[in-house]
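Note that the structure is a prediction, hence the values are computed from the model and not measured.
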Amino acid sequence: TNPIGPYEKAVYEAYQAAVLKIYAKDKPLDIKDLKEQPQPKPPGIQASAHAASQGLSFDDMTKVGGQLGSNPGGLYQAKDGTKYYIKHSKTPDHAKNEVLGAKLYELAGSWVPNYHAIETSTGLSTASEWVDAKETFDPSNPLHKEQAIENYAVHAWLANWDAIGASFDNQAMLPSGKAMTVDTGGTLLYRAQGAPKEFNDDVPELGTLLDPKFPNNAKVFGGMTPQQKLTAMNKVAVIKDEHIKAMVDKHGPGNASAKIKLANTLIARKNYIAVEAKKLDAALLAGQKAPEWTTDAKTPPSATPSAPDKA
């Protein structure tokens with residue numbers, strides 16, 4: 001039977017509704033505000049609506065660490081002692097796209113750093129709250145993989161081709177044992193290094209994330225059982241359209257018409273996953289072979305399978 005029943009569906013919807021209610025108040029999301037709501041997967045870090053609500057100022061930060069990945073950036077510490085990884089975005093839309101990706105992960109109940117858009121010396125950039133107490137992700141560790149695969153369909157929905165990372169470094173394990181996606185720069189409209197990519201109504205990533213041609217993703221997701229896939233897909237299927245629209249309107253890149261188009265694409269992709277989940281559920285109930293998804297993405301996740309995107 002469908003692994004997500006009416007109660008669990010209601011739990012996810014209650015959590016998502018609470019997230020949107022708090023964001024609508026234009027104030028930081030505090031886990032205390034959600035304490036009355038059942039939370040199967042609360043955010044790994046307390047999230048905020050945007051950097052201004054936190055009083056973040058790049059001028060008041062001190063650099064304490066160097067660049068990670070291929071995009072310019074560094075580790076900075078605010079006056080209150082909180083550390084942030086600042087990534088200098090190519091354009092304001094790149095920054096907004098990355099922040100929106102993180103907010104949509106949160107909306108789906110997935111763990112990501114607390115992301116903000118922040119003005120820096122180079123323009124609008126991203127600030128993701130640094131988590132010191134995290135453990136390196138090990139794709140050979142069954143417990144690590146078990147946690148990471150819960151977000152398989154969320155990665156596919158958001159077209160995060162860099163879900164695992166070139167060195168398995170886009171996943172990290174929190175002290176709670178949950179897997180966290182570290183960087184969301186490769187979601188939605190852009191590749192991890194900033195090049196634009198096709199982001200259409202269909203979701204070929206359901207297949208490409210499993211494809212051995214892209215070994216890092218496949219090492220984590222390739223061995224999933226049909227039940228695990230179905231559970232992960234239903235996690236996306238229960239997200240409400242109005243919640244997606246609200247997040248895109250608040251955080252998304254582009255003008256009003258571009259935001260409407262992006263929200264509609266995200267809804268179409270969510271519906272695509274929901275339909276495929278129903279097909280998979282029906283096959284399991286009938287004792288039939290689970291459907292397989294195409295891997296012929298119009299633009300493959302990497303120009304060469306041995307050189308995946310790196311943030």
Side-chain angles (χ1 to χ4, degrees), residues 19 22-23 25-33 42-106 110-137 160 162 165-167 169-176 180-188 190-194 247 250-253 309-311:
V19 170
I22 294 166
Y23 274 124
K25 292 179 180 178
D26 200 30
K27 57 171 279 191
L29 170 60
D30 193 319
I31 295 301
K32 295 192 299 293
D33 294 321
I45 307 297
Q46 292 183 6
S48 62
H50 51 70
S53 68
Q54 292 289 311
L56 287 182
S57 170
F58 183 68
D59 292 338
D60 293 335
M61 292 186 176
T62 302
K63 191 171 184 179
V64 295
Q67 176 178 326
L68 301 174
S70 58
N71 290 295
L75 185 63
Y76 290 78
Q77 184 168 308
K79 287 184 175 180
D80 66 357
T82 305
K83 295 177 183 176
Y84 298 88
Y85 187 80
I86 305 291
K87 185 195 296 185
H88 297 290
S89 305
K90 288 181 169 59
T91 69
D93 276 353
H94 281 80
K96 292 176 182 178
N97 184 84
E98 185 167 344
V99 171
L100 175 61
K103 303 307 179 186
L104 291 170
Y105 269 108
E106 289 175 355
S110 300
W111 296 63
V112 289
N114 183 9
Y115 255 92
H116 314 274
I118 185 173
E119 287 289 347
T120 70
S121 57
T122 62
L124 194 67
S125 302
T126 61
S128 56
E129 192 166 332
W130 188 257
V131 183
D132 283 315
K134 61 181 182 290
E135 180 184 350
T136 301
F137 177 78
N160 190 358
D162 195 40
S167 303
D169 53 351
N170 204 19
Q171 295 292 307
M173 302 305 296
L174 294 168
S176 64
M180 177 180 71
T181 299
V182 175
D183 187 295
T184 60
T187 60
L188 305 173
Y190 298 104
R191 297 176 66 151
Q193 294 185 17
M247 283 296 186
K250 189 169 189 66
H251 300 287
D309 286 348
K310 187 170 178 61

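Formation of a donor-acceptor pair under 3.5 Å by the K90 side chain with backbone atoms of Q193 is found in this model. Between the side chain of N170 and the main chain of D162, a donor-acceptor pair closer than 3.5 Å is present. Judged purely by atom type and a 3.5 angstrom limit, T91 uses its side chain to pair as donor or acceptor with the backbone of H94. The backbone N or O of H88 sits nowhere less than 3.5 Å from a side-chain atom of N71 that would complete a donor-acceptor pair. Between the side chain of Y115 and the backbone N or O of T184, at least one donor-acceptor pair lies under 3.5 Å.
Taking CG of L68 as the reference point, atom CH2 of W130 lies at 5.0 Å (rounded to 0.5 Å). In this structure, CG in D59 is found 8.5 Å from OG in S121, a value given to the nearest 0.5 Å.
The two residues L100 and G252 come nearest to each other via the heavy atoms CD2-CA, 3.8 Å. Nearest heavy-atom pair, L188 versus G101, reported as atom, atom and distance to 0.1 Å: CD1-N, 3.8 Å. Nearest approach of V182 to Q171, heavy atoms of both residues: CG2-C, 4.1 Å. For the pair A117 and V99, the tightest heavy-atom approach, listed with the atom from each and the gap, is N-CG2, 3.7 Å. Taking each heavy atom of A78 and Y84 in turn, the nearest pair found is CB-CE1, 4.0 Å.
A side-chain N or O of N160 and one of Y105 form a donor-acceptor pair less than 3.5 Å apart.
Within the 4.5 Å cutoff, side-chain heavy atoms of E129 are placed close to those of T82. Residues I118 and T126 fail the side-chain proximity criterion, which asks for heavy atoms closer than 4.5 Å. Between L104 and H251, every side-chain heavy-atom pair lies at or beyond the 4.5 Å cut-off. Annotation: side chain of L75 is not in contact with side chain of Q67 (no heavy-atom distance under 4.5 Å).
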Item to check | M180 vs V131, side-chain contact (heavy atoms from CB on, under 4.5 Å): CA-CA, chis, key distance, verdict | outcome: CA-CA 10 Å; M180 177 180 71; V131 183; 4.2 Å; yes
Next on the checklist: Walk me through whether Y76 and F58 qualify under ring pair (Phe, Tyr, Trp, His ring centres under 6.0 Å).
Outcome noted: CA-CA 9 Å; Y76 290 78; F58 183 68; 5.2 Å; yes
Checklist entry - Going through the distances and angles, do M61 and L56 end up as a side-chain contact (heavy atoms from CB on, under 4.5 Å)? => result CA-CA 9 Å; M61 292 186 176; L56 287 182; 3.8 Å; yes
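With sequence neighbours left out, K83 forms a salt bridge (Lys or Arg N to Asp or Glu O under 4.0 Å) with D132. Applying the salt bridge (Lys or Arg N to Asp or Glu O under 4.0 Å) test to K79 and every residue at least two apart in sequence or in another chain returns D60.
A side-chain hydrogen bond (donor to acceptor under 3.5 Å, both in side chains) with T120 is found for one member of S125, S89, S57 and no other, namely S125.
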